[in-house]
Enquirer: 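Just passing along the structure, written as structure tokens.
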Amino acid sequence: MLLSLAWRNVWRNARRSLITMSALGVGVAGIVSIFSFREVANEAIVSDVTAGLVGHLQVHALGYQEAPSVGLTVQHPLQVEATLERVLPGAKAERRVIGAGLAGAGDRSAPVMVLGLEPGASALYTVKDGAGLGAGKDVLVGKDLATDLGVAVGGELVLVSQAADGSVANDRYTVAGTFESSSAELDGNAIAMSLSEAQSFFALGDGVHQLVVRLPTQREDVQPEAQALRAALDLKTLEAVSWSEMLPQMKASMEQKRKNQGFVDFIIFLIVGLGVFNAMTMAVFERTRELGVLAALGTRPRRILAMVMLEALWQGAMAFVVGVALAAAILYALGTSDLSKMLGGDVMGVRMPTHLELKLLPASLKGAAITAFLTALLGALLPALRAMRLQPVEALRQS
Amino acid sequence: MPTVEVQNVTRVYEEKGMPPAQALRGVSLSVEKGEFMALAGPSGSGKTTLLNIIGGIDAATSGEVRVDGQALSGLSRAALADLRRDRIGFVFQAYNLVPVLTAAENAEYVLQLKGVPAAERRARVKDVFERMGLGRFLDSRPLKMSGGQQQRVAVARAIVADPAVVLADEPTANLDQRTGAELMDLMHGLNRERGTTFIFSSHDPMVLSRAQRVVRLVDGELERAEVRGP
Ligand SMILES: Nc1ncnc2c1ncn2[C@@H]1O[C@H](COP(=O)(O)OP(=O)(O)O)[C@@H](O)[C@H]1O
Ligand SMILES: [Mg+2]
């Protein structure tokens with residue numbers, strides 16, 4: 001009966017309750033949609049990062065992350081891959097060589113990044129023109145670099161660099177195709193060749209610069225996996241780093257956005273809480289005499305407190321449902337969000353997602369529930385305490 | 001053991017900027033089980049104050065009140081609430097039904113506080129309502145009922161849990177003569193049939209004439225002479 005009494009009390013001043021619930025509901029909807037929007041964006045960024053150049057984790061020769069150099073290689077990458085498969089079941093490793101050099105074609109030249117990739121294994125790029133990556137002297141050129149160098153499929157270019165042993169590396173290559181990737185930096189600077197060709201160009205033997213690890217997870221935090229891998233590696237010669245350690249600013253900016261939302265949530269919470277406080281103060285004030293009657297009939301003070309709190313909780317519950325529905329409507333009505341005007345370009349070598357598939361993330365419901373229920377509870381607390389402390393005789397004297 | 005025992009009770013109202021008001025000056029009174037007793041006295045004589053103190057919603061400045069032998073002084077707010085729930089029934093001048101509850105739910109409220117199961121609650125309320133001629137108002141909202149009907153529901157609410165005593169402060173003051181007389185007959189009937197103890201206040205001779213015993217308050221003191229009715 002307490003629940004039903006509280007429910008009926010909600011509708012005694014329906015206009016006031018509807019206003020309170022609207023404020024609560026809009027707050028809930030705001031929190032859910034902002035949260036979902038932000039986390040969908042974060043998920044997209046993380047998935048771009050981990051699917052692309054960076055991966056979830058990388059294994060390098062010790063010190064490579066700090067100061068990459070062509071001579072710092074993982075000497076026995078296949079052995080490391082075996083360890084990896086044992087420690088992190090389902091993880092996929094990709095061996096990579098990365099070096100710098102100068103590319104020349106005709107009378108044009110440009111500094112380039114040389115990528116040695118396992119043919120077929122890399123999800124880094126898609127072929128734009130021409131054929132895919134083969135063995136031997138065939139290379140793929142980033143689409144913008146190809147324009148800068150004025151080369152097309154079938155053209156030739158010359159690469160010059162320094163090999164691991166200090167000798168001059170140079171060779172002549174055929175452009176098998178052009179590629180585009182999720183990174184403008186790659187599109188504008190990179191030349192891709194087969195791993196074995198890059199190993200011989202830089203005189204690395206079997207060595208590679210990076211073992212890029214992709215984990216069978218969508219999680220943002222892969223520190224546990226990084227720890228597990230480290231425990232199994234010879235840390236005197238190798239290092240294992242996670243994507244967030246390789247891109248600390250990106251991780252920091254995600255965290256910052258979350259913190260900012262915390263602040264926005266708090267403001268919403270405060271405004272809506274004041275609304276609840278106001279409405280419940282009025283309700284208690286108007287019903288002072290009736291509360292005195294209930295007390296006189298033998299209702300314990302705590303039960304009176306509970307009754308007033310329940311009245312606010314009902315409103316919180318309805319606002320929660322309506323707010324979540326409203327947020328879902330907003331998110332799915334927008335469907336995909338085109339961010340190209342807001343977020344164009346790359347951040348730290350990673351192209352920011354331009355299109356987001358918006359959806360309501362279940363994780364956002366926690367914040368929404370806290371807003372709806374905690375705001376209702378805290379907003380109603382003082383009026384409820386006031387109701388509880390009413391002296392029955394004095395309350396009965398009110399007309 | 002008397003059902004209600006009032007021993008030398010005083011009540012002083014102290015309000016800021018006002019001289020202290022002596023509402024009760026050493027009132028002693030004993031009410032036995034099954035009495036149908038009236039508290040008479042002009043306006044301002046202390047009737048409401050005394051009923052409130054007996055009912056445990058106001059506290060005596062000095063003196064002691066016992067209901068069913070239980071002393072009220074020193075009880076916590078929760079303990080007083082429990083005592084009211086278990087032993088006191090209130091009827092107010094202004095009916096004071098809860099407007100969002102139906103008539104039956106108003107009467108059920110106290111039974112529910114006592115933890116009586118829903119089916120039994122409903123049955124007891126129905127029974128009482130039918131005896132009181134309220135059978136067709138079970139599911140009516142109070143504000144759709146006349147004053148007399150509302151006050152009957154208030155009486156039903158006060159007696160349904162079989163309290164030790166029903167305290168009715170000027171229960172007929174808002175009703176016309178005839179309706180007031182009917183309400184008094186009803187209360188008297190309940191007193192005889194169920195043995196419910198009633199203490200009601202009034203300054204209306206018609207109401208007082210129904211009482212078995214009348215005690216008169218004047219200026220916060222009980223008059224010596226009591227009138228014993230039939
Ligand atoms: N809350 C109060 N504050 C101050 N004085 C009061 C208060 N309530 C009652 N009194 C005074 O106490 C006296 C008795 O009042 P009351 O018990 O209401 O009498 P009755 O019910 O017989 O009319 C009156 O003089 C009244 O003015
Ligand atoms: Mg009075």
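Each chain gets a letter, A, B and so on, in the order the sequences are listed, and its residues count up from 1.
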Enquirer: Closer than 3.5 angstrom, by distance alone: can the side chain of Arg77(B) be matched with the main-chain N or O of Arg389(A) as a donor-acceptor pair?
Expert: yes
Enquirer: Between Leu101(B) and chain A, with a heavy-atom cut-off of 4.5 Å, which part of the residue counts as in contact: side chain, backbone, both or neither?
Expert: both
Enquirer: Are there more than 12 heavy atoms of other residues, nucleotides or ligands under 6.0 Å from atom NZ of Lys114(B)?
Expert: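 For Lys114(B), atom NZ is crowded (more than 12 foreign heavy atoms under 6.0 Å).
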Enquirer: Quick check for you: to the nearest 0.5 Å, what is the distance between Asn96(B) atom CG and Glu290(A) atom CD?
Expert: 9.0 Å
Enquirer: Is the CD atom of Gln218(A) crowded by more than 12 outside heavy atoms at less than 6.0 Å?
Expert: no
Enquirer: I want to check something: taking the side chain as every heavy atom from C-beta on, are Arg157(B) and Val293(A) in contact at a cut-off of under 4.5 Å?
Expert: yes
Enquirer: Which distance, rounded to the nearest 0.5 Å, do you find between the CD1 of Ile57(B) and the CD of Glu394(A)?
Expert: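 If we round to the nearest 0.5 Å, Ile57(B):CD1 and Glu394(A):CD are 11.0 Å apart.
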Enquirer: With only heavy atoms counted, which part of Arg287(A) is less than 4.5 Å from chain B, the side chain, the backbone, both or neither?
Expert: neither
Enquirer: Roughly how far, to the nearest 0.5 Å, is CZ of Arg303(A) from CG of Leu113(B)?
Expert: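 Spacing of CG (Leu113(B)) from CZ (Arg303(A)) equals 5.0 Å.
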Enquirer: For Arg258(A), does the CZ atom have more than 12 heavy-atom neighbours from other residues, nucleotides or ligands under 6.0 Å away?
Expert: yes
Enquirer: For Asn52(B), is it the side chain, the backbone, both or neither that has a heavy atom under 4.5 Å from a heavy atom of chain A?
Expert: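 Just its side chain gets close to chain A.
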Enquirer: Is it the case that more than 12 heavy atoms not belonging to Lys359(A) sit under 6.0 Å from its NZ atom?
Expert: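 For Lys359(A), atom NZ is not crowded (no more than 12 foreign heavy atoms under 6.0 Å).
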Enquirer: Between Pro301(A) and Ala78(B), what is the shortest heavy-atom contact and its length?
Expert: CD-CA, 4.1 Å
Enquirer: Considering only heavy atoms, which portion of Arg302(A) lies under 4.5 Å from any heavy atom of chain B: side chain, backbone, both, or neither?
Expert: neither
Enquirer: So, taking the atom named CZ in Arg397(A) and the one named OG1 in Thr48(B), what distance separates them when rounded to the nearest 0.5 Å?
Expert: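 One finds 9.5 Å between CZ of Arg397(A) and OG1 of Thr48(B).
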Enquirer: Please confirm whether the backbone N or O of Leu297(A) pairs with a side-chain atom of Arg84(B), one donor and one acceptor, at under 3.5 Å?
Expert: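 A pair under 3.5 Å: no.
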Enquirer: Are more than 12 heavy atoms from other residues, nucleotides or ligands located less than 6.0 Å from atom OH of Tyr13(B)?
Expert: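 Yes, enclosed.
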Enquirer: Does any backbone or side-chain atom of Phe92(B) lie under 4.5 Å from a heavy atom of chain A? Answer side chain, backbone, both or neither.
Expert: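 Side chain of Phe92(B) only, per the 4.5 Å heavy-atom cut-off to chain A.
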Enquirer: Hey, does the side chain of Arg8(A) reach the backbone of Val100(B) with a donor-acceptor pair shorter than 3.5 angstrom?
Expert: yes
Enquirer: Roughly how far, to the nearest 0.5 Å, is CZ of Phe90(B) from CG of Leu396(A)?
Expert: 8.0 Å
Enquirer: If you count heavy atoms of other groups shown closer than 6.0 angstrom to CZ of Arg131(B), is the number above 12?
Expert: no
Enquirer: At what distance, to the nearest 0.5 angstrom, does OH of Tyr109(B) lie from CG of Leu5(A)?
Expert: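 Here the interatomic distance stands at 6.5 Å.
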Enquirer: Mind ranking Leu80(B), Leu83(B), Asp82(B), Val110(B) by heavy-atom pairs under 4.5 Å with chain A and telling me who comes out on top?
Expert: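 Among Leu80(B), Leu83(B), Asp82(B), Val110(B), the one with the most close pairs to chain A is Asp82(B).
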Enquirer: Is it true that, when you exclude Phe266(A) itself, more than 12 heavy atoms of the residues, nucleotides or ligands shown sit nearer than 6.0 Å to its CZ?
Expert: no
